[in-house]
There are 2 protein chains.
Amino acid sequence: MAEIICTVDVVLLTLLDGQLRVALLRRDHEPFPGVLALPGGYIHPDQDGDTQVAAARVLLEKTGIVSPYLEQLATFSGRGRDPRGWSLSICYYALVPTEVIRLAGHPEVVLVPADGIAGLPFDHQQIVAAALERVRNKSSYSSLPVYLCGDTFTLPQLQSVYEALLGEPVNKVSFRRKIEEFDILEPIEGAMETGKAHRPAQLYRLKSRYRNRLSLTDRGLGTG
Amino acid sequence: MAEIICTVDVVLLTLLDGQLRVALLRRDHEPFPGVLALPGGYIHPDQDGDTQVAAARVLLEKTGIVSPYLEQLATFSGRGRDPRGWSLSICYYALVPTEVIRLAGHPEVVLVPADGIAGLPFDHQQIVAAALERVRNKSSYSSLPVYLCGDTFTLPQLQSVYEALLGEPVNKVSFRRKIEEFDILEPIEGAMETGKAHRPAQLYRLKSRYRNRLSLTDRGLGTG
DNA sequence: TTACTTAGTTGCAATATTAAACAAAGTAGC
DNA sequence: GCTACTTTGTTTAATATTGCAACTAAGTAA
């Protein structure tokens, strides 16, 4: 019986210049050496507890990042996707603020606009498309986008993150109502966004029970 | 490097006596011979185009069923789940009307109530739980439950399927409005449900473009 | 023929969502 | 220091959606 190649791949997403971007790396091995691709690698049964751990390990090794949000996306498989043979990749996606990528100190990480991405090896384009669909879909009913913000942020900032993801303006009152009912944010006592020539905005952060969690319920934070 | 055991498992769901049930089979091999478990099996890279095809094949071989709806659920993995070693199972779920199971002619298929299921080997209990969560969640906004109905059905019948899945009564008017806006059903000209001591109900069927599809968009039929 | 039961529709009340207007709180320019 | 300007955050009004209850329709049973 033929061998099955078992790998994990991670779609690491971030928001830069109001644009959703995917973190890519130049491959240093065959196949497709030198080509930009998703961070990925073989599962190591001897060291990985499961594929989620494998994905976190691969992400850390290749980008230096530990993402609080890392969720399984889907498994892609088949004969055609890898020239080495019948393969299978359990794919995950992660959301982090851009600072996290910058501070991870891996300058070889390239942030490519997620929409209209092309030229990726294997079936990475499909994988990215699936991740985008999932993230945008979840953004329409959950608190997922907070993972693209830093530790503290204002509601207008968070709103603009939602708008960037959904690609359309969202109603201010409805937005605030929704966030309120998710009940995941708390205002930081007395902390305001300063320096702007207008009324300062309240700074918020995730409530403590939602911070630093490594993998959450399938429906994301909040009530979903 | 240790070997990875690659399998597929299928959570085949149906509605019997107003109860959601899972199709199980007694295992005939080690490990857990004689124990009721999900239909599953090894991926055959030489004959399976991908894992979806493998799942369809396994389902057909073990139950005689070809399910129009077969969707990837998630991949379960790790060292602990299979006594033979580090394993990984790409899991799918399928919905069929009970007649399809009966007509498939595999009397060894056992239909066990899905809620409170226990005593399953491997991590099959978690897999079933994940499938139930997915199906119930999707039922709340999509047309997924139509796959539990036969070729033709009345709106009150479909409504009771939704109610069985969601575990609560649904408003008749809202239900009909929602189905209308999915725009996936058509009344069968002049065909009524007869024999009952009350006004006969109109029979409906899926519009042709939604029939016999083997795998659909991630969000199910209709607008979702 | 009358009673009964469920199918399917209609109108209205309750609720939720969106839009518009307003008040609050800062900086910038003169 | 006063005025203009800008964005935050809230309040109020308009609109849309949902859910209930009543009603009509169409069959069988007695």
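A note on names: the letters A, B, ... follow the listed sequences, proteins ahead of strands, and every chain is numbered from 1.
- Within residues 151-160 of chain B, the residues having any heavy atom closer than 4.0 Å to DNA chain C are, in order of number, B:Pro156.
- In this structure, B:Asp115 does not pair ionically with B:Arg21, as no charged nitrogen and carboxylate oxygen lie closer than 4.0 Å.
- A salt bridge does not link B:Glu180 with B:Arg176: none of the charged nitrogens is closer than 4.0 Å to a carboxylate oxygen.
- Judged by distance alone, the side chains of A:Ser89 and A:Asp9 do bring a donor and an acceptor atom under 3.5 Å apart.
- For A:Glu163, there are no salt bridge (charged side-chain N to carboxylate O under 4.0 Å, His left out) partners, not counting sequence neighbours.
- First and last contacting nucleotides of DNA chain C toward chain B (any atom under 4.0 angstrom from a heavy atom, 5' to 3' order): C:dT5 to C:dT10.
- Between the side chains of B:Glu71 and B:Gln52, not a single donor N or O lies within less than 3.5 Å of an accepting N or O.
- Residue pairs satisfying the ring pair (Phe, Tyr, Trp, His ring centres under 6.0 Å) criterion with at least one member in residues 156-178 of chain A, sequence neighbours excluded, are listed as follows: A:Tyr162-A:Phe175.
- A donor-acceptor contact closer than 3.5 angstrom links the side chains of B:Glu193 and B:Gln157.
- For B:Arg26 and B:Glu108, the salt-bridge test fails: no basic side-chain N is under 4.0 Å from an acidic carboxylate O.
- A donor-acceptor pair shorter than 3.5 Å cannot be found between the side chains of A:Tyr147 and A:Ser67.
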### Task
Would you check, one step at a time, whether the test salt bridge (Lys or Arg N to Asp or Glu O under 4.0 Å) holds for B:Asp183 with B:Lys207?
CA-CA 8 Å; B:Asp183 194 33; B:Lys207 289 188 175 179; 2.6 Å; yes
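- Of the charged side-chain nitrogens involved, none lies within less than 4.0 Å of a carboxylate oxygen, so that B:Glu181 and B:Arg177 do not count as a salt-bridged pair.
- Applying a 4.0 Å cut-off to non-hydrogen atoms, the residues of residues 166-177 of chain B that approach DNA chain D are B:Asn171, B:Val173, B:Ser174, B:Arg177, listed by residue number.
- Of the residues in residues 194-202 of chain A, those placing a heavy atom less than 4.0 Å from an atom of DNA chain D are A:Ala197, A:His198, A:Arg199, A:Pro200, A:Ala201, A:Gln202, in numerical order.
- Under a 4.0 Å N-O distance rule, the pair B:Glu186/B:Arg209 does not qualify as a salt bridge.
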